[in-house]
Structures are given as C-alpha cells and as structure tokens.
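Read the structure below first, then the notes.
Counting starts at 1 for both ligands and their atoms, in listed order. Please read these numbers as outputs of a predicted model, since none were measured by experiment.
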Amino acid sequence: MGVWQLIKSQFICLLLICYVFLVSGLIINLLQLCTLPLWPISKQLYRRINCRLGYSIASQMVALLEWWSGTECNLYSHPESYKYFGKESAIVVLNHNIEIDFLCGWTFCERFGVLGSSKVLAKKELAYVPLIGWMWYHLEIVFCKRKWEEDRRTVAQSLQNLRDYPENFWFLLHCEGTRFTEKKHQISMQVAESKGLPKLKHHLLPRTKGFNITVQNLRGPVTAVYDSTLNFRNNETPTLLGLLSGKKYHGDMYVRRIPMESIPEDEGECGAWLHKLYQEKDQFQEEYSQTGRFPGAVLTPARRPWTLLNWLFWASVLLYPLAGLLVRLVSSGSSATILTTAALCVAVSVGMRWMIGQTEIKKGSSYGNKDAPVNNN
Ligand SMILES: CCCCC/C=C\C/C=C\CCCCCCCC(=O)SCCNC(=O)CCNC(=O)[C@H](O)C(C)(C)COP(=O)(O)OP(=O)(O)OC[C@H]1O[C@@H](n2cnc3c(N)ncnc32)[C@H](O)[C@@H]1OP(=O)(O)O
Ligand SMILES: CCCCCCCCCCCCCCCCCC(=O)OC[C@@H](O)COP(=O)(O)O
C-alpha cells in the first residue's frame with residue numbers, strides 16, 4: 001500500500017470528508033429553503049437556482065468517486081446514441097444490484113452536464129434522509145410508497161409537474177423496484193414463472209407500472225429511454241464505505257438510446273416491451289460475465305474539474321474555522337466543554353453512519369421478499 005493510499009484509509013480523513021459534506025449540505029439546504037418564496041413569483045427561476053444548489057451537494061459525492069477513490073467508470077455505447085447524451089431529457093432504466101449504482105449514474109450525469117437536474121423515482125423512505133432527501137424536495141424528485149393504489153395518483157401528478165422543467169433532465173428508474181438479493185431473485189422468478197415469462201439470471205423481474213406511468217406522463221418533453229446496464233470488473237462489490245476509505249473500483253456501463261416513438265402507448269404492450277428489454281439486459285450481463293465486455297465501443301467522457309473545485313471550495317471555507325474551534329476548545333481546558341464536544345461528534349458520526357447504511361444492501365427493505373401471491377387464473 002502506497003503512502004497516499006495509507007493516508008486516505010485513515011479514519012480522520014473519513015471524519016473530515018463527512019464534516020465538510022454535512023456542514024456544507026446544511027448550509028445549502030438552508031439556502032434552498034430561502035428560495036421557496038421565489039416559487040410563486042418565478043417557478044422556472046426557482047428551479048434553475050435549485051439545480052445549481054443541488055449540484056453543489058451531489059457533486060461532492062461524485063468527487064468522492066472520481067477524485068478521492070479514483071474509481072473508473074467506463075461508458076460503452078454507440079456513436080449514434082452518444083451524440084444525444086446531455087442534449088435531451090431522457091428516462092434512464094438501470095439494473096439495481098450494486099450499492100453505489102446511483103453514484104455511477106451521477107458521475108455520467110455530471111460529465112454530460114445534467115447532474116443538478118437529475119431525477120429519480122425513489123422510495124418514500126429516502127425523502128427523510130437528511131441533506132439528500134431535503135435537497136430532493138427542492139429538485140421535485142418523484143417519491144413512491146411502492147403501494148400502487150396510493151402511488152398511481154401521486155406519482156402521475158409529480159410526473160406531470162416535470163413536463164415544463166426548464167432544464168434537460170435524466171429520470172432514473174430502477175424497474176426492479178428493490179436491490180437484488182438471492183432471496184428476492186428466487187421469489188421474483190416464481191412470479192415470472194406464474195406469468196409465463198422467461199426467467200432472468202442477473203435481474204429481478206421488472207415492475208411495469210412505474211415504467212408505464214412514467215412513459216405516459218413524460219412522453220413529449222422526454223424524447224428517449226436510455227437502457228443502462230452496469231457491472232464491475234473482477235467481481236468487485238463496491239461500497240460507499242470503500243469509496244470513503246479511498247478504494248478504487250472499475251465499473252463498466254452500457255447505455256443504448258431508444259427513441260420514445262418506439263415504446264408502445266398501450267399499457268399491456270408497454271409492459272411486455274419492458275419485460276423484453278430486461279431479457280436483453282440479462283443477455284448483456286451474461287456476455288459481460290463471460291467476456292468482461294459489453295456491446296458497443298468504449299466512449300467514456302473525461303471527468304471534469306468542477307466536482308473537485310466545488311469540494312475544495314467548501315473544504316477551504318469549512319476546515320479553517322474547524323481548526324480554530326478545536327484549538328480554542330483544547331486551550332480552554334474545560335473538561336465539560338471537551339466532553340460535550342466529543343459527545344456531539346459521536347452523535348454526528350452515528351448519524352452519518354446511518355446515512356451511509358441507507359446505501360447498504362444488507363440493510364435494505366423487505367420489499368419483494370415476501371412470497372409471491374398465488375395466481376389463481
Ligand atoms: C447513464 C445513466 C445515468 C443515470 C442516472 C440518472 C439519474 C440519477 C438520479 C438520482 C440518483 C438517485 C438514486 C436513488 C436511488 C433510489 C431508487 C429507489 O428508491 S428504487 C425503489 C423505488 N422505485 C421503484 O420501485 C420503481 C419501480 N417500481 C414500480 O414501477 C412499481 O410498479 C411501483 C410504481 C412502485 C408500484 O409498486 P407496487 O409494488 O405497488 O405494484 P407492482 O405493480 O409493482 O406490484 C404488483 C405486481 O407485481 C407482481 N409482483 C409481485 N411480486 C413480485 C415480485 N417479487 N417481482 C416482480 N413482480 C412481482 C404482481 O404479480 C403484480 O403484477 P400485476 O401488475 O401483473 O398484477
Ligand atoms: C463527500 C461525500 C461524503 C459522503 C458521506 C456520506 C453520505 C451518505 C449519503 C447517503 C446518501 C443516500 C442517497 C441515496 C441512496 C440510494 C439508496 C438506494 O439505492 O436505495 C435503495 C432503493 O432503491 C431500494 O431500496 P431497497 O428496497 O433495496 O431497500
């Protein structure tokens with residue numbers, strides 16, 4: 001292990017990165033709150049400002065991936081698809097078995113200039129994650145309870161609101177609805193069997209309702225679906241904690257552009273189309289596991305300096321006062337103050353650990369874990 005790698009793996013570095021993220025995030029969340037009065041005056045200005053503020057939070061996590069850990073994310077695609085990336089709004093369909101898949105998505109959003117405006121159909125629980133959830137509120141992220149009877153109205157309404165969004169955005173959909181585990185896979189393949197659908201080896205059976213409602217409500221302003229398939233080399237299983245300790249991973253993502261016109265409007269046909277898409281994705285994953293390659297050519301855009309510059313800005317603003325505070329604390333000699341500060345640090349660390357836990361598959365929900373309903377038809 002090199003000296004730089006050794007430094008990066010020290011706990012103090014993790015603490016400092018989390019400190020900058022936390023304090024800058026709170027400041028940005030506060031600024032976002034201050035923009036609320038703009039909404040009735042100029043909705044589009046409110047949205048444009050919040051895209052920039054959101055960028056300042058999300059790009060710190062991208063900087064962690066690209067600059068701190070040095071993780072490589074290769075893009076496999078086709079030139080006729082590539083020329084549209086970043087120049088239109090799109091629905092992104094992505095597999096969901098890797099803890100940092102959202103960050104690999106974010107890194108491409110950043111490189112194509114749509115990070116601040118990126119959207120997702122996210123489970124409602126994520127709305128309560130401090131900083132990220134609060135940021136998402138101002139970015140008009142669409143949340144679902146994964147209970148169709150409740151979601152059908154709220155999700156449709158939130159999607160309708162995005163139709164006049166003033167910036168190009170990528171709308172991420174994990175159609176599997178939950179992250180891959182062996183048990184969830186087994187259960188979803190029972191569902192596939194009961195529906196007479198071919199079994200998938202690398203994916204859960206996609207849920208079609210969310211995709212269908214998204215296509216229905218965004219058709220027009222959104223001109224394409226980006227079918228995206230992600231995997232990591234040498235069976236790497238990347239984690240957020242690994243990134244924080246400076247571990248470098250090697251990801252590959254295959255993205256192909258499918259024009260919106262080729263997606264059926266009829267609900268049943270649209271669902272069948274999605275099932276077929278997942279069968280194709282399964283073949284791409286199979287090819288990757290056998291050859292270490294996806295179809296298409298490697299067309300990875302270079303990382304840009306903005307995420308690093310944004311992080312350096314916040315670090316220089318926030319680390320200097322922290323150092324001053326620590327010096328004054330120690331020189332005060334008051335054990336009560338020192339103990340209170342230590343207790344506060346422990347509480348904040350526990351909070352940050354909880355947030356990181358949100359990305360861990362082993363702490364995931366039980367959605368898709370229950371035995372499939374018996375099909376009596
Ligand atoms: C280049 C790439 C860059 C990309 C990056 C771009 C942007 C990045 C932006 C942000 C990054 C942030 C990352 C955050 C990630 C967080 C993501 C999540 O939170 S994923 C979880 C939430 N999202 C979803 O669930 C979306 C998919 N789900 C759906 O579409 C669902 O249909 C639903 C709308 C949520 C409704 O769910 P519900 O369970 O209520 O209904 P369903 O129709 O799904 O279920 C009933 C239906 O399913 C059949 N069934 C039963 N059991 C199973 C099973 N185990 N597997 C599959 N199917 C099952 C059942 O028989 C019913 O079938 P039918 O409809 O035929 O009757
Ligand atoms: C500079 C960076 C410093 C980093 C410090 C740590 C910050 C931690 C931030 C946590 C951010 C959480 C944001 C999004 C997490 C996405 C999680 C996810 O992928 O959700 C899973 C759901 O799809 C499905 O849930 P399950 O049913 O599988 O359960």
Side-chain angles (χ1 to χ4, degrees), residues 14 17-18 20-22 24-25 57-65 68 75 77 85 90 92-94 96 98-109 112 114-115 117-126 129-133 136 139 141-152 155 169-181 184-185 187-192 194-195 204-214 226 228 230 240-241 243-244 253 255 271 274 311 314 352-361 363-373 375:
L14 188 149
I17 292 174
C18 286
V20 173
F21 182 69
L22 182 71
S24 64
I57 296 184
S59 76
Q60 289 187 46
M61 296 194 65
V62 176
L64 178 81
L65 178 97
W68 181 253
L75 175 67
S77 194
F85 297 164
V92 174
V93 172
L94 184 60
H96 207 16
I98 290 160
E99 291 190 357
I100 61 159
D101 52 16
F102 73 98
L103 257 183
C104 300
W106 269 355
T107 191
F108 287 121
C109 288
F112 288 107
V114 292
L115 179 61
S117 56
S118 68
K119 313 271 172 252
V120 60
L121 177 55
K123 59 176 180 178
K124 185 75 186 161
E125 293 85 330
L126 292 175
V129 175
L131 314 182
I132 300 282
W136 278 349
L139 295 176
I141 293 301
V142 181
F143 291 104
C144 63
K145 291 189 176 166
R146 296 187 285 191
K147 291 186 183 122
W148 181 240
E149 285 318 311
E150 294 180 49
D151 290 336
R152 65 187 326 153
V155 170
F169 62 85
W170 288 357
F171 187 93
L172 174 66
L173 251 180
H174 289 294
C175 296
E176 291 158 87
T178 188
R179 287 164 294 185
F180 188 103
T181 66
K184 289 180 182 183
H185 181 239
I187 291 171
S188 87
M189 287 310 104
Q190 286 170 14
V191 178
S194 73
K195 288 178 189 261
L204 305 179
L205 189 69
R207 311 274 182 153
T208 57
K209 292 197 178 83
F211 179 74
N212 188 46
I213 200 172
T214 306
Y226 294 168
S228 310
L230 174 68
L240 192 51
L241 273 179
L243 293 180
L244 279 161
M253 192 188 282
V255 185
L274 187 71
W311 191 83
W314 283 112
M352 288 307 285
R353 185 63 191 86
W354 175 82
M355 280 168 68
I356 293 167
Q358 297 303 304
T359 64
E360 293 173 354
I361 295 178
K363 295 189 181 147
S365 73
S366 61
Y367 181 76
N369 234 350
K370 299 183 196 80
D371 284 334
N375 192 346

Nearest non-hydrogen contact with [atom] belongs to which option: [options]?
atom                    : options                        : value
atom 16 (C) of ligand 2 : Phe102, Trp68, Trp311          : Phe102
atom 18 (C) of ligand 1 : Lys123, Lys124, Lys209         : Lys123
atom 11 (C) of ligand 2 : Ile132, Ile100, Leu126         : Ile132
atom 10 (C) of ligand 1 : Trp106, Phe143, Phe102, Tyr226 : Trp106
atom 52 (N) of ligand 1 : Leu204, Val191, Thr359, Ile213 : Val191
atom 49 (C) of ligand 1 : Met189, Lys195, Lys370         : Lys195

Would a 4.5 Å heavy-atom cut-off, applied to side chains only, mark [X] and [Y] as touching?
X      : Y      : result
Phe211 : Thr214 : no
Leu172 : Leu121 : no
Arg207 : Cys175 : no
His174 : Lys123 : no
Trp106 : Leu115 : yes
Gln60  : Val20  : yes
Asn212 : Leu274 : no
Glu360 : Leu241 : yes

Show the atoms of ligand 2 that are less than 4.0 angstrom away from any heavy atom in [X].
X      : result
Ile356 : 6 (C)
Met352 : 5 (C), 6 (C)
Thr178 : 26 (P), 27 (O), 28 (O)
Gly364 : 29 (O)
Ile17  : 1 (C), 3 (C)

Any N or O of [X] closer than 3.5 Å to N or O of ligand 1:
X      : result
Thr208 : no
Ser118 : no
Leu121 : yes
Arg207 : yes
Gly210 : yes
His174 : no
Ser188 : no
Trp136 : no
Tyr367 : yes

Numbering the atoms of ligand 1 from 1, which are under 4.0 Å from a heavy atom of [X]?
X      : value
Leu126 : 16 (C), 19 (O)
Gly105 : 3 (C), 4 (C), 5 (C)
Leu205 : 57 (C)
Met253 : 1 (C), 2 (C)

For ligand 1, the portion of [X] having any non-hydrogen atom under 4.0 Å away:
X      : result
Glu149 : neither
Lys147 : backbone
Cys104 : neither
Lys119 : backbone
Thr178 : neither

With heavy atoms only and a cut-off of under 4.0 Å, state how [X] meets ligand 2: side chain, backbone, both or neither.
X      : answer
Arg179 : both
Lys123 : side chain
His96  : side chain

**Asked** Less than 6.0 Å separating the ring centroids of His96 and Phe180?
**Response** no
Main-chain N/O of [Y] paired to [X] side chain as donor or acceptor, under 3.5 Å:
X      : Y      : answer
Ser59  : Val62  : no
Lys119 : Leu139 : yes
Thr359 : Gly357 : no
Arg146 : Gly177 : yes

Hey, what do you get for [atom1] ([X]) to [atom2] ([Y]), rounding to the nearest 0.5 Å?
X      : Y      : atom1 : atom2 : answer
Ile98  : Leu230 : CD1   : CG    : 4.0 Å
Leu22  : Ile17  : CG    : CD1   : 13.5 Å
Cys104 : Leu75  : SG    : CG    : 11.5 Å

Looking only at heavy atoms, what is the nearest atom pair of [X] and [Y], with distance?
X      : Y      : value
Ala122 : Ile141 : CB-CG2, 4.4 Å
Leu204 : Ser188 : CA-OG, 3.6 Å
Ile361 : Glu99  : N-OE2, 2.8 Å

Notebook entry, point to check: If you measure from each heavy atom of Arg146 to ligand 2, is any distance below 4.0 Å?
Noted result: yes
(request) Run the contact test for Gln358 against ligand 2 with a 4.0 Å cut-off on heavy atoms, strictly below, and give the result. (result)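 Yes, Gln358 has heavy atoms under 4.0 Å from ligand 2.
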Margin query: Does the plane of the ring in Trp170 sit parallel, tilted or perpendicular to the ring in Phe85? Use 30° and 60° as the thresholds.
Written below: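 Rings of Trp170 and Phe85: perpendicular, over 60°.
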Quick one: sort the Phe112 and Phe108 rings into parallel, tilted or perpendicular, breaks at 30° and 60°. tilted
Check whether any N or O atom of Ser365, backbone or side chain, sits under 3.5 Å from an N or O atom of ligand 2, and answer yes or no. yes
For [atom], grab the closest protein heavy atom and report residue, atom and distance to one decimal in Å.
atom                    : value
atom 7 (C) of ligand 2  : Phe21 CE2, 3.5 Å
atom 10 (C) of ligand 2 : Met355 O, 3.6 Å
atom 12 (C) of ligand 2 : Thr359 CG2, 4.2 Å
atom 1 (C) of ligand 2  : Gln60 O, 3.4 Å

### Task
Inspect the surroundings of NZ in Lys363 and state if more than 12 heavy atoms from other residues, nucleotides or ligands are less than 6.0 Å away.
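For Lys363, atom NZ is crowded (more than 12 foreign heavy atoms under 6.0 Å).
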